[in-house]
Undergrad: 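First, the structure itself, so that you have it in front of you.
What you see below is based on every heavy atom in this structure, not just the backbone, and it leaves out hydrogens, waters and symmetry mates. Both counts, for ligands and for their atoms, begin at 1 and track the order of listing.
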Amino acid sequence: MTKSERPQSLRLWYRQPAEVWEEALPVGNGRLGAMVFGGIREEHLQLNEDTLWSGFPRDGVQYDALRYLQPVRKLIADGKYKEAEQLINANMLGRDTEAYQPLGDLWITQEGLGEIAHYERELDLLTGTAAVTFQSAGVCYTREVIASAPDGVMMVSLTANKLGKIHASVRITSLHPCEDEVGEDIHFGDSSKWDSDKEDAPSEEPSGDFITLTGRAPSHVESNYHGDHPQSVVYENDLGMAFAVQARVIPEGGTLTKGADGALIISGADKITVYLAAATGFRGFHTMPNSDATESAEACQVILDGAISLGSEQVRQRHEQDHRKLFDRVVLELRGDTLTDDSVLPTDLRLERYQKGQDDPGLEVLLFQYGRYLLMGSSRPGSQPANLQGIWNDRVQPPWNSNYTTNINAQMNYWPAEVCNLAECHEPLLHMIGEVARTGRRVASIHYGAQGWAAHHNVDVWRYAGPSGGHASWAFWPLGGVWLTAHLWERYLFTLDTAYLAEQAYPLMKGAAAFCMDWLVEGPEGWLVTSPSTSPENKFKTPDGEECSISMGSTMDMTLIRELLGNCIQAADLLELDDEFRNRCEETRDRLMPYQIGRHGQLQEWFVDFEEAEPGHRHVSHLYGLYPGRQIHIRDTPELAEAARISLRRRLDHGGGHTGWSCAWLINLYARLEDGDAAHRYVRTLLSRSTYPNLFDAHPPFQIDGNFGAAAGIAEMLLQSRPGELTLLPALPTAWSEGQVSGLKGHGGMTVGMEWSGSRLVRAELATSISAGSCTIRSAHPFSADARQALPDPEHGGFILSWIFTKEQEITNGHTIIIKGEEQTI
Ligand code: FUC
């Protein structure tokens, strides 16, 4: 059986090399990433390192902003929203974040090839290996690329099935200029103009069997969406982050020489292994980066010494072991009524066929597992969190600076982390919250005269927390930090780890809550509201018909604050501390402006039922309480759930959900409404309309959040948790009538496996790591467990069973419960 005939394989594969970046295949170890193009005569790995950003820590706080806060609040209270917005635009905004940078490019030119046959390239999600195979003049050539987390290196292995047949040259380039003594003091660049042939291209100093490239990132990249800034990329001497990339080439057999152009040339080898390491001058978010690359080059050497001493086979094995430890935790199989072996078609053709309407549950599984793969590749303990592009970026001026956009995108990246059993991969985000809380403390105090900490909608590696520049509709949103804290609480719910809650989560949640309590003002009918307030990026029409973003008490703001205060109350109760603060949270929460239902029956987005300026807007922030939040629930708050459904319908009727991430959010929202077919419709839409040939999500352009949102959504269709309750197969679509899953995680340390057939649960196994507790298990169809029948839920429909587990049982039986689907209703 050839590789392409393996059934159910979890691989992306193609019959031709990538022509453009969105066809190349990503590998990553959380820190170091590459897009592998799989060229025949020239292999190209576009490289990234996750700390390489433009800029340096700068004081971005606007000392003048506070002067305008009261006047703006007065205008809003008087209904002069447009004037308030103008005042904010002119006086209360800040600057844009810096930009995530490409690192360099590794080129491997293979000489001496004749006519090519049987070309194939693939990304095997199971082993985390990108590979290229082809035949030429009777020789089979293979290239394999891995990014190893345990050994911190990228490794490219070139092999052939006949000895002495590999002739290749290896070089590294970068879009960034080098520090050259002869150059001018300041270089101004433009992403489109830098290339390696320019006279101040990076220095390449091959020596023996290695190439070291050193360079420096821009000291500043100006957002230049309009293309009108004459010097949008700035390189300054002694400023900007240094970096080094080192490749060591180890041939077996053949000869190794230095080429005139700084390349290493290998002739007649049996095998070549290229080990690659990278390091930067990043020294933490609040410290000037090192702009001298010496230390970075030394760091590369240390990493490479370690890997090379192990040898290529050990490095590969250690990589695979580490990769599978995480990846294998969740197994998913989805089948419809008809069984098709779809893996015989290359991924791009399979996607095209799907786009034409063919069912392919296997492709949907691939999308799900690819989301998990990408999170593992772009976010590991100790790395930076996954940014708008994970870690994969080839542009000096990437879209939206490839930053952390905290009004949906950064959070969406982490929606799958816990449920998809990759809790470790959540850690970089949780860690970042602690850093943003530090910069955000000054922002809260200086911009708003408030205690605690606040972050707005854009964050970078320097943990910029102030408002960005531009327009209030996106820039003025000081609740980015509040949303981030939801991840801290979610982590607690999944683990019930009180030490983590006490030491890491609660202090940060408390700081964000302190800000909220200072930020709230009294609004209509004595309710507490935020003012000024936006509903991220959206606009309404004022009574005068003008488009405006600023008012008070947007539903998004109120929902986030209600949730955070509720979480703080629970945390303080659990930890038995902070009585006074806890009571203040409760009093404040009880006075928050409640949800309102508008004239269409929709969940209102603003405090007044304003006419929407763009009824099909991509953000659905007012539905946060349905997903990812849990304030709106079809059984607990059916009226609000219905209003949310109407809001969704209205958005969609007006063309909403049109960006990749927006579509991915729909999957999750419909899953929470337990409407499996609607959720599946948006899995289909995402794959059909917003997915590149390499299965990267298209905003467009590429933005990784849709990949992660889709993985989370697929999980949410199969399993839903809320404190004390797990729902099995809550939103199973008709298209997935048969299937099984194992390793999904639920609240309370639960691990869940399920099998279903004919759209009904056949068997489930739940295990918990918690010593003692209880959990209500819910399913749409009858089931039994431990000789007990689940009871019909007369109020809400479906069947429920209460599972109580005690410390004693843990010792005797362990905490596992086996559930059997029953044919008959009781
Ligand atoms: C938000 C979205 C945009 C884009 C950007 C990175 O501002 O509204 O669609 O995803 O983030």
Undergrad: Based purely on interatomic distance, does His619 place a nitrogen or oxygen under 3.5 Å from a nitrogen or oxygen of ligand 1?
TA: yes
Undergrad: Polar-atom distance check: His457 versus ligand 1, any N or O pair below 3.5 Å?
TA: no
Undergrad: Which ligand 1 atoms does Arg618 reach within 4.0 Å, using its non-hydrogen atoms?
TA: 2 (C), 3 (C), 8 (O), 9 (O)
Undergrad: With a cut-off of 4.0 Å, which atoms of ligand 1 are near a heavy atom of Glu537?
TA: 1 (C), 2 (C), 7 (O), 8 (O)
Undergrad: Would you mind listing every salt bridge (Lys or Arg N to Asp or Glu O under 4.0 Å) that reaches into residues 84-94, with sequence neighbours excluded?
TA: Lys82-Glu85
Undergrad: Can you confirm whether more than 12 heavy atoms, excluding those of Glu19, are under 6.0 Å from its CD atom?
TA: no
Undergrad: Please work out which of the three classes, parallel, tilted or perpendicular, describes the rings of Trp606 and Phe540, given edges at 30° and 60°.
TA: perpendicular
Undergrad: Can you find an N/O atom of Asn407 closer than 3.5 Å to an N/O atom of ligand 1?
TA: no
Undergrad: Once you restrict to heavy atoms under 4.0 Å, what part of Asn409 touches ligand 1? Side chain, backbone, both or neither.
TA: side chain
Undergrad: Which word best sums up how the rings of His456 and Tyr448 line up, parallel for under 30°, tilted for 30 to 60°, or perpendicular for over 60°?
TA: tilted
Undergrad: Using only heavy-atom distances, determine whether the side chains of Ser54 and Glu98 contain a donor-acceptor pair under 3.5 Å.
TA: yes
Undergrad: Test the Arg562-Tyr595 pair against the cation-pi criterion, namely NZ or CZ under 6.0 angstrom from the six-membered ring centroid and within 45° of the ring axis.
TA: yes
Undergrad: Can you confirm, on distance only, whether ligand 1 has an N/O atom lying under 3.5 Å from any N/O atom belonging to Trp400?
TA: no
Undergrad: Should Trp474 be listed as contacting ligand 1, given a heavy-atom distance under 4.0 Å as the test?
TA: no
Undergrad: Flag this pair as yes if the NZ/CZ of Arg395 is under 6.0 angstrom from the six-membered ring centre of Trp400 and inside a 45 degree cone about the axis; otherwise no.
TA: no
Undergrad: For residues 469-482, please give each side-chain donor-acceptor pair under 3.5 Å, one per line with the distance, not counting sequence neighbours.
TA:
{"unit_1": "His471", "atom_1": "ND1", "unit_2": "Ser473", "atom_2": "N", "d": "3.0"}
{"unit_1": "His471", "atom_1": "ND1", "unit_2": "Ser473", "atom_2": "OG", "d": "3.0"}
{"unit_1": "Trp474", "atom_1": "NE1", "unit_2": "Gly469", "atom_2": "O", "d": "3.3"}
{"unit_1": "Trp477", "atom_1": "NE1", "unit_2": "Asp557", "atom_2": "OD1", "d": "3.0"}

Undergrad: Considering only non-hydrogen protein atoms, determine which one is nearest to atom 9 (O) of ligand 1 and report residue, atom name and distance to 0.1 Å.
TA: His699 NE2, 2.6 Å
Undergrad: If you measure every N or O of Thr659 against every N or O of ligand 1, does any of those distances drop under 3.5 Å?
TA: no
Undergrad: Can you list the ligand 1 atoms lying under 4.0 Å from a non-hydrogen atom of Leu388?
TA: 6 (C)
